[in-house]
Amino acid sequence: MNYLSILLVLLTVTILLPFNLCAEDFNPVLVYQGKIADNSFSVSIHKGVERFKAKTGEECTEVEIGMTLKEYVDTITKYADEGYSPIFLMYGNHFPDMVPFVRKYPATRFIVLDTVRDEPNVYSFVLADHEGSFLAGALAAMASKSGKIGFVSVVDTPFQRRFQCGYTQGAKYINPDIEVLKGYTGNYDGAWFDGKATSRLANRMMDEGADVIYQAAGGAGPAVLAACAARGKIGIGVDINQNGLYPGSVLTSMVKHTDKAVFAALMLAKRGIWRDNYKRLGLAQEAVGIVFDEHNKDLVTKEMHIRIENIRKKIILGEIVVDEYTEDPTCSSHAK
């Protein structure tokens, strides 16, 4: 049984304990930018919330808002002022003033996804996107016939660079000479849902010879997969299994089991367990990975599948060390 499974078993057992052991009120809130159904990252988060509610009978406030940073900050400020806790900051990597904000509410617990802040009331759950992206990059290099692949995202932040960095290392591990085209559409209101912008970027890369493109672009990502399918090229999905969106044109999806992290965070919060401010979940905990199913079976040979499985095991055993951009901004082209 892996670490994440053990953690979830222990958390489930705590439901049997008297609720009055909880040291503080439990009134969680999650604020989503945009519609949940329109963003694969949000879909995964919501899945974890639903699982928690079904398991415990507890309620969680979930709110959908617009795409501006001001509306986001105003909304979480409202809930902090009203005494909600814990407050999930799902987009902490796009929240530049997070530290001064959380310091205004020292009695409020904040749960942050994929961002680490050394504050006593901030608890970070980080998924190792770079490890899963390494596998995606390795598979892309195996599948590419042109020797040129692409990466499309939205806002150029250290968090998004983790996807790019891992993808590049994985591709170079298979083919040191492969060319990886990289592009970000930019930071503006609605950018994470601007499929026209990501599609233009993907088409530009295909014009330059890329035949496999990995998108880590939230709600704007499926447009990349559509653009690839329309031109007979191959896309790679992200966050959740997107292989079925365009069967036969999606090489794989780099899935993040954010739902498991959210479920674990809610269970810990419900019991008032705040011992560790940082939890990292990766391939070893089966929190990230790539998907093989009936939708991509014609794109992935048995030999490719075996090679990916061997690489996955080497990363878990530490025989391959994948650089993480937030720890190594130089992003070595080759894994250690």
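Any value given below was found using the heavy atoms of this structure, including those in side chains, with hydrogens, waters and symmetry copies removed.
Ion pair Lys256/Asp129 flagged as a salt bridge, since at least one NZ, NE, NH1 or NH2 atom sits closer than 4.0 Å to an Asp/Glu carboxylate oxygen. A salt bridge links Glu82 with Lys78: at least one charged nitrogen is closer than 4.0 Å to a carboxylate oxygen.
Note: Leu30 CG to Ile76 CD1 = 12.0 Å, rounded to the nearest 0.5 Å. With values rounded to the nearest 0.5 angstrom, Ile65 atom CD1 is found 4.0 Å from Thr75 atom OG1. Rounding to the nearest 0.5 angstrom, the gap separating the OH atom in Tyr246 from the CG atom in Leu225 is 7.0 Å. The line from NE2 of His305 to CG of Leu139 is 9.5 Å long, rounded to the nearest 0.5 Å. The CZ atom of Arg312 sits 12.0 Å away from the CD1 atom of Ile320 when rounded to the nearest 0.5 Å. A distance of 11.5 Å separates CG in Asp239 from NE2 in His257, rounded to the nearest 0.5 Å.
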- [ ] Given ring-ring contact (aromatic ring centres under 6.0 Å, His included), test Phe41 with Phe193 step by step and report yes or no.
- [x] CA-CA 12 Å; Phe41 180 60; Phe193 291 86; over 10 Å; no
TODO: List the steps, then state whether salt bridge (Lys or Arg N to Asp or Glu O under 4.0 Å) holds for Glu294 with Lys297.
DONE: CA-CA 5 Å; Glu294 69 276 13; Lys297 61 183 177 63; over 6 Å; no
- [ ] Would you please test Tyr188 and Asp194 for side-chain hydrogen bond (donor to acceptor under 3.5 Å, both in side chains) and show each step?
- [x] CA-CA 10 Å; Tyr188 52 89; Asp194 188 356; 2.6 Å; yes
Task: Evaluation steps, side chain to side chain contact (heavy atoms under 4.5 Å, CB included), between Lys279 and Tyr123 - done: CA-CA 8 Å; Lys279 295 187 184 299; Tyr123 302 83; over 6 Å; no
TODO: Go through the steps to decide whether Phe52 and Val262 satisfy the test side chain to side chain contact (heavy atoms under 4.5 Å, CB included), and finish with yes or no.
DONE: CA-CA 9 Å; Phe52 171 79; Val262 169; over 6 Å; no
Task: Residue pair Thr56, Lys270: steps toward the side chain to side chain contact (heavy atoms under 4.5 Å, CB included) verdict - done: CA-CA 9 Å; Thr56 66; Lys270 179 181 182 293; 4.0 Å; yes
Task: Verdict with reasoning, Arg51 to Asp259, per side chain to side chain contact (heavy atoms under 4.5 Å, CB included) - done: CA-CA 8 Å; Arg51 180 184 172 193; Asp259 56 318; 5.6 Å; no
Open item on the list: Please determine whether salt bridge (Lys or Arg N to Asp or Glu O under 4.0 Å) holds for the pair Asp207 and Arg231, giving the CA-CA distance in whole Å, both sets of side-chain angles, and the decisive distance to 0.1 Å.
Closed with: CA-CA 10 Å; Asp207 289 343; Arg231 294 183 57 171; 2.9 Å; yes
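Side-chain atoms of Glu62 and His46 form a donor-acceptor pair, as typed in the model, at a separation below 3.5 Å. Looking only at atom types and distance, the side chain of Glu71 has no donor-acceptor partner in the side chain of Gln33 under 3.5 Å away. Counting only N and O atoms by type, the side chains of Gln160 and Ser153 include a donor and acceptor under 3.5 Å apart.
The two atoms that bring Val250 and Gln242 nearest to each other are CG2-O, 3.9 Å, heavy atoms only. Contact detail for Cys60 and Pro28: the closest heavy-atom pair is SG-CG, 3.7 Å. Between Lys145 and Asp211 the shortest heavy-atom distance is N-OD2, 2.7 Å. Of all non-hydrogen atoms in His295 and Asn243, the two that sit nearest each other are CB-O, 3.6 Å. Thr258 and Ile45 make their closest contact through CG2-CG1, 3.7 Å (heavy atoms, listed as atom of the first residue, atom of the second, distance). Nearest heavy-atom pair, Val238 versus Ala216, reported as atom, atom and distance to 0.1 Å: CG1-CA, 4.0 Å.
Within 6.0 Å of NZ on Lys53 lie more than 12 heavy atoms contributed by other residues, nucleotides or ligands. Counting non-hydrogen atoms of neighbouring residues, nucleotides and ligands closer than 6.0 angstrom, the CG atom of Asp118 reaches no more than 12 such neighbours.
Asn203 is listed as a side-chain neighbour of Met206, based on a closest heavy-atom distance under 4.5 Å. A 4.5 Å side-chain heavy-atom check between Glu179 and Ile149 finds every atom pair outside the cut-off. You'll find the side chain of Ile174 stays beyond 4.5 Å of the side chain of Ile178, heavy atoms only. Under the 4.5 Å side-chain criterion, counting only non-hydrogen atoms from C-beta, Phe151 is not in contact with Ile213. Side-chain contact between Met98 and Leu89 is present, with heavy atoms from C-beta onward closer than 4.5 Å. Considering only heavy atoms from C-beta on, Ile308 comes within 4.5 Å of Met142 through its side chain. Side-chain contact check for Ile111 versus Leu266: every heavy-atom pair is 4.5 Å or farther apart. Between Tyr278 and Arg280, some side-chain heavy-atom pair lies under the 4.5 Å cut-off.
For the pair Thr108 (side chain) and Ala80 (backbone), a donor-acceptor distance under 3.5 Å is absent. In terms of modelled atom types and a separation under 3.5 Å, the side chain of Ser253 and the main chain of Val255 share no donor-acceptor contact. In this structure, Asn296 contributes its side chain and Leu251 its backbone to a donor-acceptor pair below 3.5 Å. Between the side chain of Asp298 and the backbone N or O of Gly248, no donor-acceptor pair lies under 3.5 Å. Proximity of a side-chain donor or acceptor of Ser144 to a complementary backbone N or O of Ala140 within less than 3.5 Å is not detected. Checked by atom type and distance alone, the side chain of Glu64 pairs as donor or acceptor with a backbone atom of Ile36 at under 3.5 Å. Not one N or O on the side chain of Asp323 forms a donor-acceptor pair closer than 3.5 Å with the backbone of Cys165. In terms of modelled atom types and a separation under 3.5 Å, the side chain of Gln215 and the main chain of Val224 share no donor-acceptor contact. With hydrogens and angles ignored, the 3.5 Å screen pairs a side-chain donor or acceptor of Thr198 with a backbone N or O of Gly195. Of the possible polar contacts, one joining the Ser146 side chain to the Lys148 backbone as a donor-acceptor pair under 3.5 Å is found.
Under the ring-ring contact (aromatic ring centres under 6.0 Å, His included) rule, Phe134 has a single partner from Tyr214, Phe163, Tyr167, Tyr173, which is Tyr173. Checking each of Lys182, Arg161, Arg162 against Asp156 for a salt bridge (charged side-chain N to carboxylate O under 4.0 Å, His left out) leaves exactly one that passes, namely Arg161.
Linking ILVMFWY residues whenever their side-chain heavy atoms come closer than 4.5 Å, directly or via other members, leaves Leu201 and Ile234 in distinct clusters. In the hydrophobic cluster analysis, where Ile, Leu, Val, Met, Phe, Trp and Tyr join through side-chain heavy atoms closer than 4.5 angstrom, Leu135 is grouped apart from Val291. Linking Ile, Leu, Val, Met, Phe, Trp and Tyr residues whenever their side-chain heavy atoms come within less than 4.5 Å places Val112 and Leu69 in a single cluster. The cluster map of Ile, Leu, Val, Met, Phe, Trp and Tyr, joined by side-chain heavy atoms under 4.5 Å apart, puts Met254 and Val212 in the same cluster. Residues Ile290 and Leu245 do not share a hydrophobic cluster, defined by chaining ILVMFWY side chains whose heavy atoms lie under 4.5 Å apart.
Phe95 and Phe101 have tilted rings, their planes meeting at an angle from 30° to 60° on a 0 to 90° scale.
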